[in-house]
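I have placed the structure first, in the form of C-alpha cells, so that the comments after it can refer back to it.
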Amino acid sequence: MEGTRAATGQIVPMGTETVRKEETQTPAMVQHTVHMPLEVVRVKKKRRSILGQAVQVIFRALTALCMIPAVILMVLRNEEIEIVDNRYVIHASYRSSPAFVYLVLGAGVAGCYSILGIALAFCSPRNRFLHTLDMMVLSLAMSAWSSAASVSYIGFYGNEDLAWGKVCPYVKKFCLSSRFSLSLSFFGSIFHFLVCTLSSA
C-alpha cells in the first residue's frame with residue numbers, strides 16, 4: 001500500500017493523514033468553535049434586556065406623569081355654592097366622599113412608587129420582589145379608581161331608583177376637575193399594568 005513519509009522517516013499509510021490532521025486541532029480551537037454561537041446568544045439577550053429595561057422605565061415615568069397630576073387636580077379643586085335662597089350650602093371637595101379620598105391616596109402611592117420604581121428598574125428590571133410590589137400597587141390604583149368612578153357617576157347622573165339627585169349641575173367645576181382626575185388615573189393604571197407585564201416577562 002502506498003503511503004507518505006512522515007517527518008520521523010516512517011511511512012504513513014494513505015487515509016490516516018486526514019485523521020492525524022483532525023487530531024492536531026487543539027482543545028482551544030474546538031472550544032472557540034463551540035462557544036461562538038453562545039456568545040451571539042448572550043449579546044442578543046443583553047440587547048433585549050436593555051430594550052425591555054428602557055421600555056419599562058418609560059411606562060413607569062408615564063404612570064407617574066398621570067397619577068401625580070390626577071392627585072393635584074383632585075386636591076386643589078374646591079367649590080362652594082349656595083342654593084334655595086342661600087339656605088343651603090354645597091361644599092364640594094375630595095373630602096366630601098371617602099371614595100375620592102381613597103383615589104387621592106391610591107393615585108398618590110402609585111405615582112410616588114413609579115418614581116421610586118424607575119431607580120429600582122435600573123438595578124434589577126426582573127426582580128420577583130419588584131414584580132410583587134408592582135402588582136400590589138396596581139391593585140391599589142385600580143380599586144381606588146373604580147370606587148371613585150362609581151361615586152362620580154352618581155354625581156353626574158344620579159340614581160332615580162334610590163332618589164339620589166344629580167349634584168354636578170350645581171358644582172360643575174369640581175365635577176369637571178374630578179372627571180379629568182379620574183381619566184388621568186385610569187390611564188396611569190393602564191401604564192402601570194404594562195409595567196407589571198414587562199416585569200413578569
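- Under a hydrophobic-cluster definition in which Ile, Leu, Val, Met, Phe, Trp and Tyr are linked whenever side-chain heavy atoms come within less than 4.5 Å, directly or via other members, Val195 and Ile58 are assigned to the same cluster.
- Through side-chain heavy atoms spaced under 4.5 Å, either directly or across other Ile, Leu, Val, Met, Phe, Trp or Tyr residues, Tyr153 is tied to Phe156, Tyr157.
- Residue Phe180 is not grouped with residue Leu182 when hydrophobic side chains (ILVMFWY) are merged at heavy-atom distances under 4.5 angstrom, including chains of intermediate members.
- Placement of Leu184 and Leu103 in two distinct hydrophobic clusters is found when ILVMFWY residues are connected by side-chain heavy-atom separations under 4.5 Å, directly or transitively.
- Among residue pairs with one or both ends in residues 99-120, none qualify as salt bridge (charged side-chain N to carboxylate O under 4.0 Å, His left out); sequence neighbours excluded.
- Nearest heavy atoms, Ser146 versus Ser143: OG-O, 2.9 Å.
- The cluster map of Ile, Leu, Val, Met, Phe, Trp and Tyr, joined by side-chain heavy atoms under 4.5 Å apart, puts Leu116 and Leu133 in the same cluster.
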Listed pairs under 3.5 Å, donor-acceptor, residues 165-174 side chains, sequence neighbours left out:
none

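- Ser150 is linked by a side chain to side chain donor-acceptor pair (under 3.5 Å) to nothing, counting only residues two or more places apart in sequence or in another chain.
- Closest approach of Gly111 to Ala64, counting heavy atoms only: O-CB, 3.9 Å.
- Expressed to the nearest 0.5 Å, how far CG of Leu105 lies from CZ of Phe100 amounts to 13.5 Å.
- Panel note: side chain Ser152, backbone Ala149; no donor-acceptor pair is recorded below 3.5 Å.
- Note that CZ of Phe191 is 10.5 Å distant from CZ of Phe186, once rounded to the nearest 0.5 Å.
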Return all side-chain donor-acceptor pairs below 3.5 angstrom for residues 67-76, not counting sequence neighbours, or 'none' if the list is empty.
none

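- Contact between Thr63 and His192 at its shortest, heavy atoms only, is OG1-N, 3.3 Å.
- Atom CZ in Phe187 sits 12.0 Å away from atom CG in Leu62 (nearest 0.5 Å).
- Atoms CZ and CD1, on Arg60 and Ile115 in that order, are 12.0 Å from each other to the nearest 0.5 Å.
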Under the criterion side-chain hydrogen bond (donor to acceptor under 3.5 Å, both in side chains), I'd like the reasoning laid out for Asp134 against Tyr113: C-alpha separation, chi angles, the key distance, then a yes or no. CA-CA 9 Å; Asp134 289 337; Tyr113 171 77; 2.6 Å; yes

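- Of all the heavy atoms in Ala110 and Ala141, the pair that sits closest is CB-CB, 4.2 Å.
- Shortest non-hydrogen contact noted between Leu130 and Gln56 is CD2-OE1, 4.3 Å.
- Clustering of Ile, Leu, Val, Met, Phe, Trp and Tyr by side-chain heavy atoms under 4.5 Å joins Tyr102 with Val109, Leu140.
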